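So that the names make sense, note that chain A is the first sequence line, chain B the second, and so on, each numbered from 1. From a predicted model like this one, the values you see are computed outputs, not experimental measurements.
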Amino acid sequence: MKYWLMKSEPDAFSIDDLKNSPGGTAPWDGVRNYQARNFMREMSPGDLAFFYHSSCAQPGIVGIMEIIRRTYPDATAFNPADEHYDPKSRPDNPRWYMVDVRYKRALKRLITLSELKQHPELASMQLLRRGNRLSVMPVNMAEWRYILDLERA
DNA sequence: GCCAACGTTGGC
DNA sequence: GCCAACGTTGGC
């Protein structure tokens, strides 16, 4: 089993939006970055991911979700009316993919980006690397456990 | 709204 | 294949 971190702007799709989706499940669509896409392709059902709120007053980790379906073509790329439409992605040769995720739980408290930065144990996290802009990235097991311990602090 | 950092595009 | 211009991300 692998661990991940996935960003979403809460104004667009928040952890509560996921929780309130049918069955607590939703497709993670709209990813339009090759590196993020490639990470999604490494995901397997049963993997766990931190839900991260970005571009908001208090960016940080807000909850945990489970990957429940491996990547399949992102249909929003085929829809000219969709904001993530990409004419270069065609149904017979899809460029963009998505996974399905299921809400597991909210963290007991928000663990902010600024808090994460204060822990040398997390300094090598991909999230904290300079200029990081990836919306989907791996988290190693030591980092995952360390962050869950922070939740209780 | 600003800006640093990075990805993408397209001319050559 | 280089690289300048441009667009996007995302923290602040």
So how far is it from A:Lys19 NZ to A:Ser14 OG, rounded to the nearest 0.5 Å?
-> 10.5 Å
Check the interface with nucleotides 9-12 of chain C: list each N/O to N/O pair with the protein under 3.5 Å, or write none.
unit_1, atom_1, unit_2, atom_2, d
C:dT9, O3', A:Arg133, O, 3.4
C:dG10, OP1, A:Lys7, NZ, 3.2
C:dG10, OP1, A:Arg133, O, 2.9
C:dG11, OP1, A:Tyr52, OH, 2.8
C:dG11, OP2, A:Ser55, N, 2.8
C:dC12, OP1, A:Lys117, NZ, 2.8

Which whole-number value in Å describes the distance from A:Tyr34 OH to B:dG7 P?
-> 13 Å
Report yes if some heavy atom in the side chain of A:Glu83 is under 4.5 Å from a heavy atom in the side chain of A:Thr76; otherwise report no.
-> no
Report yes if some heavy atom in the side chain of A:Arg69 is under 4.5 Å from a heavy atom in the side chain of A:Val99; otherwise report no.
-> no
For A:Glu151, side-chain contact (heavy atoms from CB on, under 4.5 Å) partners two or more places apart | A:Arg105, A:Leu107, A:Lys108, A:Ile111, A:Leu148
Roughly how many Å is it from CG in A:Asn33 to P in C:dG7, rounded to a whole number?
-> 18 Å
Would you mind reading off the distance between A:His84 atom NE2 and C:dT8 atom C1', rounded to a whole angstrom?
-> 12 Å
Scan residues 31-55 of chain A for pairs that pass ring pair (Phe, Tyr, Trp, His ring centres under 6.0 Å), counting only residues two or more places apart or in two chains.
-> A:Trp28-A:Phe51, A:Tyr34-A:Trp96, A:Phe50-A:Trp144, A:Phe51-A:His53
Check whether any side-chain heavy atom of A:Thr25 lies under 4.5 Å from a side-chain heavy atom of A:Ile68, and answer yes or no.
-> yes
Over-ring placement of A:Arg41 relative to A:Tyr97, 6.0 Å and 45° cut-offs | yes
Between N or O atoms, less than 3.5 Å apart, protein on one side and nucleotides 3-6 of chain C on the other: list the pairs.
none

Rounded to whole angstrom units, what separation is found between the CD atom of A:Glu83 and the C1' atom of C:dG7?
-> 16 Å
In chain order, what residues pass the ring-ring contact (aromatic ring centres under 6.0 Å, His included) check against A:Tyr146, with sequence neighbours excluded?
-> A:His119
CG of A:Leu122 to CG of A:Leu150: how many Å apart, nearest 0.5 Å?
-> 6.5 Å
Would you sketch DNA chain B in dot-bracket for me? Only Watson-Crick or G-U wobble pairs with both distances under 3.5 Å count, crossing pairs as [ ], other-strand pairs as |, the rest as dots.
-> ||||||||||||
Taking atom OG of A:Ser135 and atom CZ of A:Arg32, what is their separation to the nearest 0.5 Å?
-> 10.5 Å
